[in-house]
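So the structure is just underneath, and the comments pick up after that.
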Protein chains: 2
Amino acid sequence: MIKKQLIMEKALELFAKQGFEATSVQQITDHCGISKGAFYLSFKSKDELILSLIDYFMTQFISDIDYQVRNVNNEGLLFKYYHTTFQSFVQHSDFAKILMNEQAQTFNNKELIEKLHIYDRLLDKVTLTMVERLYGDEIIHTKYDLVYCIKGLMNNYSKLILFYNNSLDLKLLSESLVEKTNLLAKHATIAFISEDIIHAIEQPNLEVITKEQLLEMITQKKNEMEESIEKESLILLEQQLLEPTLSPAIVKGLIENIRNHPHCKWISYLLRNYFDL
Amino acid sequence: MIKKQLIMEKALELFAKQGFEATSVQQITDHCGISKGAFYLSFKSKDELILSLIDYFMTQFISDIDYQVRNVNNEGLLFKYYHTTFQSFVQHSDFAKILMNEQAQTFNNKELIEKLHIYDRLLDKVTLTMVERLYGDEIIHTKYDLVYCIKGLMNNYSKLILFYNNSLDLKLLSESLVEKTNLLAKHATIAFISEDIIHAIEQPNLEVITKEQLLEMITQKKNEMEESIEKESLILLEQQLLEPTLSPAIVKGLIENIRNHPHCKWISYLLRNYFDL
DNA sequence: TATACTAATGACTAATCGGTCAATTGTCAA
DNA sequence: TTGACAATTGACCGATTAGTCATTAGTATA
């Protein structure tokens, strides 16, 4: 398990520098100081590695943003949304670079492309929730279009952050985008992206996660964790899933406990959704 | 020369479908119905091929946009700018796909990355010119930021056009973006991209083209062209370069004559810049 | 027809890749 | 110390690649 972490870290560096295809397994193992065979003890294939990386970072990223959108009051939410996103990009800039460079069809792995697509839509969903909360009915006809604009602006400025990350002023950038978003939300009338187009794009629905899947994930995570408040909280949440006895306030507190554990961010996100908190 | 065209066309299709790296020279030659050896009679390497494709399309693309910006009056210019761009994208969607997918570091060819960067900046320059003409002094502090927003929005919507190009309404899309651009131009006050940042990014200056380079290009193009009005115009423009005798109006007319010839678009763009028309 | 030339071919090379597996090393209970 | 088992190694395999070049096919001239 430690070995797996090592490989992921070192591979991330190389992928960010050279791209996924251009980095060989040999290079990765050299960089780790292990043999090629050892690599295949931790990962079934090179594809499984990049897949793990995507999962590892995207789940954390979406969980963080979703938490902000759910728990910051409207005043300042938009700023927090942008600022959190850009901070995450800077913090995990190696991963962000991979995501930028390998945007679309570069991978010849269908599973991976679908995965990226799903995370992309989850992010859209979070943004949509925020936009609805912030502007309510006044943007009912333009909300999908607004989400798309936010995404476009953010993508573009993110590129700047990654390639010239000599300490850009993320606060100013976020403020600038807050102003722009408000302008577009309050005055734009001609929407290009309608609900129809969104539905046409989203073809297969996002699968709803079942209780059983949640329980299975929790069981797995428990084994990976050392004894701690987080693990204890997770066990209590597991019991709550099997037999609801605790009050919403307690459940919310338990989820809060595990929120910042890197391995639990995704579960905390899923639980928030499941318990509708 | 015909062979070169054939290879470029067929390769374009394959690159759009599978990506550059994933397409082998063998596949290209099979698709053309020629041998692998024949490929290397037309191109020194696979890299030279993609390089030629980038040049061929980007020069046309930038020339077209630049022409619109220079020759359409302010009323309706913004719409024309967006509409022309999106139409070009649809018309050359195979090339646009390559450009989208292979965005950045995918190519391990420095020359190519630099080339893309240069075209990118040329496009920014055209957009900046337009923005300055449209809004004048009122956006003097926000113009670079505005250009960057326009780019971000356009990039994002372009993706949509390419991947779901089932006859989207380009007119509506353009109108929608016109409205948004006007909103941002007239009401946004907090600019993130300042002139300083632009200068920091643009490191090496865009080289100014010399008269000698222009003459050389014209000589080369003349040999590739059959007898026509376009060729005759080109010869007259060549003489004008060597010894200015014609009035600006005539020069402008001559440039107009060659504007729509696929092989002359770039030269017409360069000449417009050179004669400052 | 014979000659000289160019255009085109495709078998070949050398390199690199992801992935495998027999052999080796390390570990720990008896 | 021994022996059984797990962890680790790296030489090796088959597949694929860009690029080469001796050979052949096609064509124009004398």
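Protein chains get the first letters and strands the later ones, always in sequence-line order, with residue 1 at the start of each.
- Evaluation of the salt bridge (Lys or Arg N to Asp or Glu O under 4.0 Å) rule for A:Glu256 yields A:Arg259 as partners, not counting sequence neighbours.
- Here B:Glu13 pairs with nothing under the salt bridge (Lys or Arg N to Asp or Glu O under 4.0 Å) rule; sequence neighbours left out.
- Nucleic acid contact for A:Thr23: sugar-phosphate only, since backbone atoms but no base atoms lie under 4.0 Å from a heavy atom of the residue.
- Residue-level contact check: A:Lys36 touches the bases, meaning some heavy atom is under 4.0 Å from a base atom.
- Scanning for side chain to side chain donor-acceptor pair (under 3.5 Å) contacts around A:Tyr119 gives A:Asp55, with sequence neighbours left out.
- By the side chain to side chain donor-acceptor pair (under 3.5 Å) test, B:Thr59 is found to be paired with no residue, residues two or more places apart in sequence or in another chain being considered.
- Going from atom CD of B:Gln27 over to atom C1' of D:dA15 covers 14 Å, rounded to whole Å.
- Proximity note for A:Ile34 (side chain, C-beta onward) versus D:dT17, D:dT9, D:dG19: the nearest is D:dT9.
- Residues meeting the side chain to side chain contact (heavy atoms under 4.5 Å, CB included) test with B:Gln213, sequence neighbours left out: B:Ile209, B:Thr210.
- Comparing the start and finish of the helix from C:dT1-D:dA30 to C:dA30-D:dT1, five pairs each, the helix axis swings through 20°, to the nearest 10 degrees.
- Residues satisfying the side chain to side chain donor-acceptor pair (under 3.5 Å) test with A:Lys211, not counting sequence neighbours, are none.
- Distance CG (A:Asp30) to P (D:dG10): 10 Å, rounded to an integer number of Å.
- The distance between atom CD of B:Glu21 and atom C1' of D:dT16, rounded to the nearest whole Å, is 13 Å.
- Within the structure, the salt bridge (charged side-chain N to carboxylate O under 4.0 Å, His left out) test picks out the following pairs touching residues 228-237 of chain B (sequence neighbours left out): B:Glu227-B:Lys231.
- Contact of the B:Gln18 side chain with the B:Gln27 side chain is registered, since non-hydrogen atoms from C-beta on lie closer than 4.5 Å.
- When the salt bridge (Lys or Arg N to Asp or Glu O under 4.0 Å) test is applied to B:Asp94, no partner is found at least two apart in sequence or on another chain.
- Comparing B:Gln26 and A:Gly37 against DNA chain C, the residue whose closest nucleotide sits nearer the 5' end is B:Gln26.
- Counting heavy atoms from C-beta on, the side chains of A:Leu99 and A:Ile54 come closer than 4.5 Å.
- Listed in residue order, the members of residues 38-45 of chain A having a heavy atom less than 4.0 Å from DNA chain D are A:Ala38, A:Leu41.
- The side chain to side chain donor-acceptor pair (under 3.5 Å) check on A:Asn156 picks up nothing, with sequence neighbours excluded.
- We find that CG of B:Asp47 is positioned 16 Å from P of D:dT17, with the value rounded to whole Å.
- Nucleotides of DNA chain C that come within less than 4.0 Å of any heavy atom of chain B span, from the 5' end to the 3' end, C:dA8 to C:dG10.
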